[in-house]
Amino acid sequence: MAARSQYEELARQLSAVGAVKRGLARILPAECPGGSATVLTLLAKYGEMRISRLAELLAVNMSVTSRHVTHAVESGWIERSPDPADKRSRILRLTPAGDELIDELSRRTTEMFADHLIDWSDEEVGQLNTLLSRLRDSFSCRGSGGWCAPGRHSGDCRAGHSDDSHTRTPV
């Protein structure tokens with residue numbers, strides 16, 4: 001276990017991640033807020049799904065998820081269709097326009113990071129990706145309260161979930 005001072009420094013460093021997030025927000029098209037971009041990214045990564053699964057992946061409540069989905073549907077990036085297994089439910093999937101926007105967001109994100117990390121080696125970028133993925137996994141099961149049951153590791157909590165290491169657009 002790391003020393004307390006290292007955790008304190010980690011907290012200070014992670015507060016600087018806000019600058020990166022603001023940079024990502026600035027490259028989004030005006031008509032595509034961050035919540036919509038995240039919805040599109042998740043649908044691109046995991047494929048079609050019910051809104052309840054999307055809310056779970058977003059780790060937000062259904063009303064917030066519904067607002068993001070409604071905006072994406074009205075913008076023509078997502079379509080809703082009846083769930084063959086349960087006609088009362090709807091399945092969300094990207095439209096061709098949504099696929100195009102995801103490709104554009106991915107291009108913009110890649111260019112932004114390439115510009116800002118130009119003096120980083122491939123190995124350093126790889127190390128950062130590995131460590132950030134590990135950090136995310138350590139928090140993945142903790143929910144809004146921030147804690148797993150004592151002795152339970154995030155890998156135990158994520159059984160049955162797909163690997164998140166290949167998201168196309170880190171929004």
Side-chain angles (χ1 to χ4, degrees), residues 1-30 32-47 49-69 71-72 92 101-102 104-171:
M1 186 159 164
R4 180 178 179 88
S5 62
Q6 290 208 323
Y7 293 125
E8 291 168 347
E9 179 60 19
L10 176 61
R12 284 189 290 277
Q13 292 299 326
L14 287 176
S15 69
V17 170
V20 176
K21 292 183 76 167
R22 286 186 296 279
L24 287 167
R26 282 191 293 275
I27 65 169
L28 292 175
C32 184
S36 295
T38 302
V39 164
L40 297 174
T41 299
L42 290 171
L43 285 169
K45 178 180 174 127
Y46 295 105
M49 68 183 75
R50 288 182 178 183
I51 194 169
S52 58
R53 174 68 175 137
L54 185 58
E56 178 185 311
L57 291 170
L58 289 168
V60 297
N61 66 41
M62 288 289 285
S63 65
V64 171
T65 304
S66 181
R67 281 194 301 274
H68 294 316
V69 167
H71 179 263
L92 306 173
L101 181 56
I102 280 291
E104 176 65 16
L105 294 175
S106 181
R107 183 192 61 74
R108 288 178 182 207
T109 302
T110 300
E111 287 177 4
M112 183 194 80
F113 280 116
D115 289 346
H116 287 279
L117 305 180
I118 193 150
D119 58 339
W120 289 45
S121 70
D122 286 350
E123 182 180 331
E124 289 170 321
V125 173
Q127 288 173 342
L128 179 62
N129 286 332
T130 298
L131 291 171
L132 287 173
S133 178
R134 185 174 174 192
L135 178 65
R136 184 192 60 236
D137 288 348
S138 294
F139 282 79
S140 66
C141 70
R142 289 165 167 64
S144 60
W147 301 101
C148 256
R152 188 164 182 188
H153 299 285
S154 62
D156 300 334
C157 300
R158 294 176 49 84
H161 292 281
S162 300
D163 175 23
D164 289 343
S165 63
H166 302 292
T167 302
R168 288 169 56 189
T169 307
V171 177

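For this chain, numbers begin at 1 and follow the sequence in order. Fair warning: this is a prediction, and the values are worked out from it, not measured in the lab.
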Enquirer: Where is the tightest heavy-atom contact between Ala55 and Met62, given as atom of each residue plus distance?
Expert: CB-SD, 3.7 Å
Enquirer: With a 4.0 Å cut-off on N to O distance, would you call Arg108 and Glu111 a salt bridge?
Expert: no
Enquirer: Should we count CG of Asn61 as having more than 12 external heavy atoms under 6.0 Å?
Expert: yes
Enquirer: Check whether Thr38 reaches the backbone of Gly34 with its side chain - one donor and one acceptor, N or O, closer than 3.5 Å.
Expert: yes
Enquirer: Within the 4.5 Å heavy-atom criterion, are Leu128 and Glu124 side-chain neighbours or not?
Expert: no
Enquirer: Donor-acceptor pair, distance only, cut-off 3.5 Å: does the side chain of Arg22 make one with the backbone of Gly18?
Expert: yes
Enquirer: Between NZ of Lys45 and CG of Leu43, what distance do you get to the nearest 0.5 Å?
Expert: 12.5 Å
Enquirer: For residues Ser36 and Pro33, determine if any side-chain heavy atom of one lies less than 4.5 Å from a side-chain heavy atom of the other.
Expert: yes
Enquirer: Flag yes if more than 12 heavy atoms outside Arg4 fall under 6.0 Å of its CZ atom; otherwise flag no.
Expert: no
Enquirer: Using a 6.0 Å cut-off, check whether atom CD1 of Ile118 has over 12 heavy atoms from anything other than its own residue.
Expert: no
Enquirer: Can you confirm whether Glu123 is buried at CD, in the sense that more than 12 heavy atoms of other residues, nucleotides or ligands lie under 6.0 Å from that atom?
Expert: no
Enquirer: Please report the shortest heavy-atom distance between Gly47 and Met49, naming the atom on each side.
Expert: O-CE, 3.4 Å
Enquirer: Does Thr109 reach the main-chain N or O of Leu105 with its side chain, forming a donor-acceptor pair under 3.5 Å?
Expert: yes
Enquirer: How long is the straight-line distance from OG1 of Thr130 back to CG of Leu135, given to the nearest 0.5 Å?
Expert: 12.5 Å
Enquirer: Does any non-hydrogen side-chain atom of Thr65 lie less than 4.5 Å from one of Ser52?
Expert: no
Enquirer: Do you know the tightest heavy-atom contact between Leu54 and Val39?
Expert: CD2-CG1, 3.7 Å
Enquirer: Could you measure the distance from the CG atom of Leu131 to the OG atom of Ser138? Nearest 0.5 Å is fine.
Expert: 10.5 Å
Enquirer: Mind running side-chain contact (heavy atoms from CB on, under 4.5 Å) on Leu92 and Val69 for me, showing each step along the way?
Expert: CA-CA 9 Å; Leu92 306 173; Val69 167; 3.8 Å; yes
Enquirer: Hey, what do you get for CG (Leu42) to CZ (Arg53), rounding to the nearest 0.5 Å?
Expert: 9.0 Å
Enquirer: Would the distance check show the side chain of Ser133 and the main-chain N or O of Asn129 forming a donor-acceptor pair, the cut-off being under 3.5 Å?
Expert: no
